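Please read these numbers as outputs of a predicted model, since none were measured by experiment.
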Amino acid sequence: APIKVFLRVEGSTQTLFEGPVDVEPIFDPPGIEPKSGGNHPCDVKDNGENGGFGAAGAPPTAALYDAATTQHLAFDATWYESIHDFDVAQVGEDVADSGGNEAYWGYAVNYTTAEVGGCQIRLSPGSEVLWAYNFFGLSHLLDLSGPSLAQVGVPFTVHVVDGQTGQAIAGAAIGEDIGGVTATIAGSPVTDTSGNATLTLSHAGAVKLKATAPESVRSNGLSIEVATPGSVACACASGSHPSPNSTTPDVTDLATIEGVAGGHVYPHRSAPRLLAGTVTVPAGGTLREVKISLKRTFRGRCFGFSGSRESFTKIRCRRPARFFSVGSSESFSYLLPARLPPGRYVYDIEAVDDAGQATKLVNGVSQVVFTVR
């Protein structure tokens, strides 16, 4: 049966495809037919050294082939009988080793590369599949994260890491994805040594951001809903909408989480380590303190992160994790001592004014839920 995965195809000059696809094994017949002729399977079971044994499954090359077909992109692949698999030769206008440039197509699943062909990896539902041109000639696979909400004229921060290692990437340019092409944003924001960049958008509406850097595969698209000042913004997960009767507060009155995507499933190797956020203080207001909490649930047991111990301690599952202070700056970050282990996480931030009043927790804005597997 088909499974849903998230596929991204990065060409030499633009993003050729980015979005969910329903993919299933490609059996022979009909198989995949290269321009050179001959149909061959791409179903895991019949590829590589499997020799027709084991269970069939949907592999990365099948996802790429399906997307290229539905998007009317040119596709070609070379079949190698010795490895019983394909080598992708062309997607769109990007041809492997065209003119002897030694640029080839390659792939990663959940930002992890493999040493076998793209028909030999069995994908799981929800897998993130990246295909990129000149894959083996580039050092970093950029991963961009940030808020799902912003306001016109209000600065916010995004974060760029190497998805393979979690290493912060300095010098990455942040641009707007327009029809697959990454265009320059006013001010040309670039990331600092912590992988953070602050930018301000000048127009309302849906915006998709991308990060680019030398010797790197361009990043995933970060979709942000940009509202006009004073308007009611959707304080929910990206892609959802408030109910007609909702009383969602203005995002400028809230503490806003940065760099961690609500509802996202992170592989352990690229799990968040930097907890960050911003607070927009209303005119005449005074920020006294910013506090955060992090709760982990794993196999029926719950843990809260202790800022004093810098480690997780066991707590009752029906109780929230304790907040701890991260200072009084309107823009903050807290580096965890290690990558997060598997589990379901709830990350909250709140800002406290001089009168002791704290901001409310709003799902998708000052509270995000994510998973590490």
Side-chain angles (χ1 to χ4, degrees), residues 145-159 168 192-201 224 226-236 246-262 272-296 302-313 315-316 319-337 340 345-370:
S145 58
S148 59
L149 302 172
Q151 284 202 330
V152 172
V154 178
F156 63 95
T157 303
V158 297
H159 187 58
D192 57 21
T193 55
S194 297
N196 296 322
T198 300
L199 58 156
T200 304
L201 298 178
I224 300 178
V226 185
T228 55
S231 66
V232 175
C234 172
C236 47
S246 66
T247 56
T248 304
D250 192 324
V251 294
T252 56
D253 297 331
L254 301 169
T256 304
I257 288 173
E258 309 275 1
V260 180
R273 188 177 175 189
L274 188 73
L275 303 181
T278 58
V279 177
T280 302
V281 181
T286 303
L287 177 63
R288 185 176 76 184
E289 185 180 30
V290 179
K291 298 190 293 183
I292 68 174
S293 72
L294 184 65
K295 181 178 179 179
R296 175 189 179 226
C302 298
F303 309 85
F305 188 83
S306 169
S308 59
R309 298 184 181 182
E310 292 193 327
S311 63
F312 282 97
T313 59
I315 62 174
R316 294 182 179 180
R319 293 184 178 179
R322 289 181 179 271
F323 281 92
F324 61 94
S325 178
V326 290
S328 58
S329 172
E330 294 180 24
S331 179
F332 72 90
S333 61
Y334 180 86
L335 183 64
L336 294 165
L340 295 173
Y345 290 87
V346 180
Y347 170 33
D348 297 334
I349 64 174
E350 67 177 19
V352 183
D353 63 15
D354 269 350
Q357 295 181 326
T359 54
K360 295 180 179 179
L361 293 176
V362 178
N363 183 35
V365 180
S366 54
Q367 180 182 76
V368 296
V369 180
F370 62 96

Q: As an exercise, state the distance from CG of D348 to OG of S366, rounded to the nearest 0.5 Å.
A: 7.0 Å
Q: Is S329 reaching over with its side chain to a backbone N or O of F332, donor-acceptor style, under 3.5 angstrom?
A: no
Q: Measuring from L361:CG to S293:OG, what's the distance to the nearest 0.5 Å?
A: 7.5 Å
Q: Looking at every heavy atom in both G304 and A321, which two are closest together, and how far apart are they?
A: CA-CB, 3.9 Å
Q: Which heavy atom in L274 sits nearest to a heavy atom in H159, and how many Å separate them?
A: CD2-CE1, 3.6 Å
Q: With respect to T157, which candidate in T256, L199, T278 satisfies the side-chain contact (heavy atoms from CB on, under 4.5 Å) definition?
A: T278
Q: Any heavy-atom pair between the side chains of L149 and V365 that's under 4.5 Å?
A: yes
Q: With a 4.5 Å heavy-atom cut-off, do V158 and E258 have their side chains touching?
A: no
Q: Heavy-atom distance under 4.5 Å between the side chains of E350 and F323, does that happen here?
A: yes
Q: Short question: side chain of T200, backbone of G153 - any donor-acceptor pair under 3.5 Å?
A: no
Q: Just by distance, do the side chain of R273 and the backbone of L336 share a donor-acceptor pair under 3.5 Å?
A: yes
Q: Can you tell me how far CG of L294 sits from OH of Y345, rounded to the nearest 0.5 angstrom?
A: 7.0 Å
Q: Could you grab the distance from atom OH of Y334 to atom CZ of F324, nearest 0.5 Å is fine?
A: 4.5 Å
Q: For V352 and K291, what are the C-alpha separation, side-chain angles and deciding distance, and is it a side-chain contact (heavy atoms from CB on, under 4.5 Å)?
A: CA-CA 8 Å; V352 183; K291 298 190 293 183; 4.0 Å; yes
Q: Give me the atom names and distance for the closest heavy-atom approach of I224 to P147.
A: CG1-O, 3.2 Å
Q: Say whether, by atom type as modelled, one donor and one acceptor occur between the side chain of K295 and the main chain of I315 under 3.5 angstrom.
A: no
Q: Do you know which two heavy atoms are closest between A168 and G195, and how far apart they sit?
A: CB-N, 3.8 Å
Q: Could you check if a side-chain atom of Y347 sits within less than 4.5 angstrom of a side-chain atom of L275, using non-hydrogen atoms only?
A: yes
Q: Any heavy-atom pair between the side chains of Q151 and V226 that's under 4.5 Å?
A: no
Q: Looking only at heavy atoms, which two atoms of P155 and T198 are closest? And how far apart?
A: CB-CG2, 3.8 Å
Q: Side-chain contact, heavy-atom cut-off 4.5 Å: V346 with F370?
A: no
Q: I want to check something: taking the side chain as every heavy atom from C-beta on, are E330 and L287 in contact at a cut-off of under 4.5 Å?
A: yes
Q: Mind checking the OG1-CD1 spacing from T359 to I349? Nearest 0.5 Å is all I need.
A: 7.0 Å
Q: Under the side-chain contact (heavy atoms from CB on, under 4.5 Å) rule, what do F305 and I292 come out as? Steps first, then yes or no, please.
A: CA-CA 10 Å; F305 188 83; I292 68 174; over 6 Å; no
Q: Taking the side chain as every heavy atom from C-beta outward, state whether V368 and I257 have any pair of such atoms under 4.5 Å apart.
A: yes
Q: Is the closest side-chain donor-acceptor distance between E289 and S328 under 3.5 Å?
A: no
